[in-house]
There are 2 protein chains.
Amino acid sequence: MPNKKDQQEPVCAVYCVHDQIVKEAKEQMLIPVQAIRLAETFKILGDPNRVQLINILAGREICVCDIAVILGMSTSAVSHQLRLLRNLKLVKYRKEGKMVYYTLDDHHIVNLFEEGLEHIKHT
Amino acid sequence: MPNKKDQQEPVCAVYCVHDQIVKEAKEQMLIPVQAIRLAETFKILGDPNRVQLINILAGREICVCDIAVILGMSTSAVSHQLRLLRNLKLVKYRKEGKMVYYTLDDHHIVNLFEEGLEHIKHT
DNA sequence: CTAACAACTGAACATATATTCATATATTCA
DNA sequence: TGAATATATGAATATATGTTCAGTTGTTAG
């Protein structure tokens with residue numbers, strides 16, 4: 001533990017700070033917009049219903065009504081969840097008459113999902 | 001679109017259901033405990049401060065006080081966040097005197113983090 | 001045109017999560 | 001032992017999130 005004279009801010013009340021480590025870690029920090037976008041992406045996956053929803057979409061194109069039946073949710077609730085996923089560009093959709101068919105927008109999201117699944121299976 | 005007679009539940013008010021797709025998707029659903037654990041793992045990564053925290057821990061072992069300085073948070077707030085990560089076995093710690101040094105528990109979490117980072121960089 | 005229906009949306013409520021503050025625990029050193 | 005300090009925790013408040021309900025939009029069929 002460095003003493004007072006090693007500190008960059010010797011008046012600071014916190015004396016346990018390791019200046020070199022703090023300096024390096026600060027330089028390697030993500031820029032705020034990256035941290036926020038990454039967190040948003042993870043957060044949207046942080047709900048059991050949406051995890052099941054992504055899992056369904058990973059296998060097939062499917063309409064809102066079918067999703068509602070599978071998840072045992074109202075179509076309204078499903079639609080709200082799909083809007084969240086749409087806003088983050090995680091899903092895309094195709095209109096066919098009255099129906100709207102959803103798919104995953106991007107293969108990265110499948111990779112991320114699979115990686116997470118492997119993680120919890122090995123713990 | 002199947003007609004009424006194709007339905008497993010012909011009295012159901014929803015006629016747009018694709019029985020075969022619903023059946024297949026239901027069979028491929030995650031078991032609830034898996035969906036919940038996976039969602040918990042993603043959710044814990046779904047916060048910009050924790051994203052930065054994981055990023056810091058991905059590079060080095062570091063004490064609570066240094067993390068607080070780097071993130072500009074109180075040590076109390078950092079400690080609460082670390083407890084969340086500990087509860088999900090995402091980080092582990094080592095005591096040395098008064099200090100507690102944290103590291104990531106598991107290389108899977110680094111993979112997951114890196115995969116997410118790649119995802120947002122390519123969008 | 002109207003009726004029926006799939007999906008979407010805004011707003012209100014209920015629940016969950018995060019932050020803060022005060023205090024507790026554990027360790028070191030005098 | 002007692003003072004200082006690094007971290008952890010419980011509880012209360014503030015904030016965010018999810019669900020439901022009511023109503024809207026857009027499409028098809030008659």
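For the numbers below, each heavy atom of this structure counts, side chains included, while hydrogens, waters and symmetry mates do not.
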Check your understanding: Rounded to whole angstroms, how far apart are CG on Leu85(B) and P on dT9(D)?
Key -> 13 Å
Point to revise | Validation row: Asp105(A), Leu85(A) side chains within 4.5 angstrom (heavy atoms) | key: no
Review point. Nearest-Å distance, OH (Tyr101(B)) to P (dT27(C))?
Key: 15 Å
Review point. Are Arg86(A) and dT9(C) close enough that a side-chain N or O sits under 4.0 Å from OP1 or OP2?
Key: yes
Practice item. Respond yes when some side-chain nitrogen or oxygen of Gln81(B) is under 4.0 Å from OP1 or OP2 of dT19(C), and no when none is. Key: yes
**Study point:** Any Arg83(A) side-chain nitrogen or oxygen under 4.0 Å from OP1 or OP2 of dA7(C)
**Key:** no
Point to revise | Asn55(A) and Leu117(A), any side-chain heavy atoms less than 4.5 Å apart | key: no
Review point. Rounded to the nearest Å, what distance is computed from the CG atom of residue Asp47(B) to the C1' atom of nucleotide dA16(C)?
Key: 14 Å
Check your understanding: Relative to each other, are the rings of Phe42(A) and Phe42(B) parallel, tilted or perpendicular (30° and 60° limits)?
Key -> parallel
Practice item. Using a cut-off of strictly less than 4.0 Å, decide whether Tyr102(B) has a side-chain nitrogen or oxygen near OP1 or OP2 of dA8(D). Key: yes
Review point. Which distance, rounded to the nearest 0.5 Å, do you find between the CZ of Arg86(B) and the OG of Ser79(B)?
Key: 6.0 Å
**Study point:** Nucleotide dT17(D), atom C1' - distance to CZ of Phe42(B) in whole Å
**Key:** 19 Å
Review point. Using the C1' atoms of the five pairs at each end, what is the angle between the end axes of the helix from dC1(C)-dG30(D) to dA30(C)-dT1(D), to 10°?
Key: 20°
Check your understanding: Would Tyr93(A) and Ile44(A) show up in the same hydrophobic cluster when neighbours are defined by side-chain heavy atoms closer than 4.5 Å?
Key -> yes
Practice item. Compare all side-chain heavy atoms of Ile62(B) with those of Ile70(B) and state whether any distance is below 4.5 angstrom. Key: yes
**Study point:** d(CD1, Ile36(B); P, dA16(C)) in whole Å
**Key:** 13 Å
**Study point:** Test salt bridge (charged side-chain N to carboxylate O under 4.0 Å, His left out) applied to Arg94(B) - qualifying residues, sequence neighbours left out
**Key:** Glu61(B), Glu96(B)
Point to revise | Option among Lys26(B), Gln28(B), Gln20(B) that satisfies the side chain to side chain donor-acceptor pair (under 3.5 Å) test with Glu24(B) | key: Gln20(B)
Point to revise | Min side-chain heavy-atom separation Asn111(A)-Glu118(B) under 4.5 Å | key: no
Review point. With a 4.5 Å limit on heavy-atom distance, are the side chains of Leu112(A) and Thr41(A) in contact?
Key: yes
Point to revise | Nucleotide dC8(C), atom P - distance to CG of Leu82(A) in whole Å | key: 7 Å
Revision key, fill the gap. Here the distance between atom C1' of dT17(D) and atom CD of Glu40(B), to the nearest Å, is 16 Å
Review point. So which one's nearest nucleotide on DNA chain D is more toward 5', Tyr93(B) or Asn49(A)?
Key: Tyr93(B)
Practice item. State whether Lys43(B) places a side-chain N or O below 4.0 Å from either non-bridging phosphate oxygen (OP1 or OP2) of dT17(C). Key: yes
Exercise for review: Starting at the 5' end of nucleotides 20-30 of chain D, put B wherever the base has a protein heavy atom under 4.0 Å, S where only the sugar-phosphate does, and a dash everywhere else.
Suggested key: BB----BBS--
Revision key, fill the gap. Rounded to whole Å, CZ of Arg94(B) lies from C1' of dT7(D) at a distance of 15 Å
Check your understanding: Which comes earlier along DNA chain D counting from the 5' end, the contact point of Leu84(A) or that of Thr75(B), where each point is its nearest nucleotide?
Key -> Thr75(B)
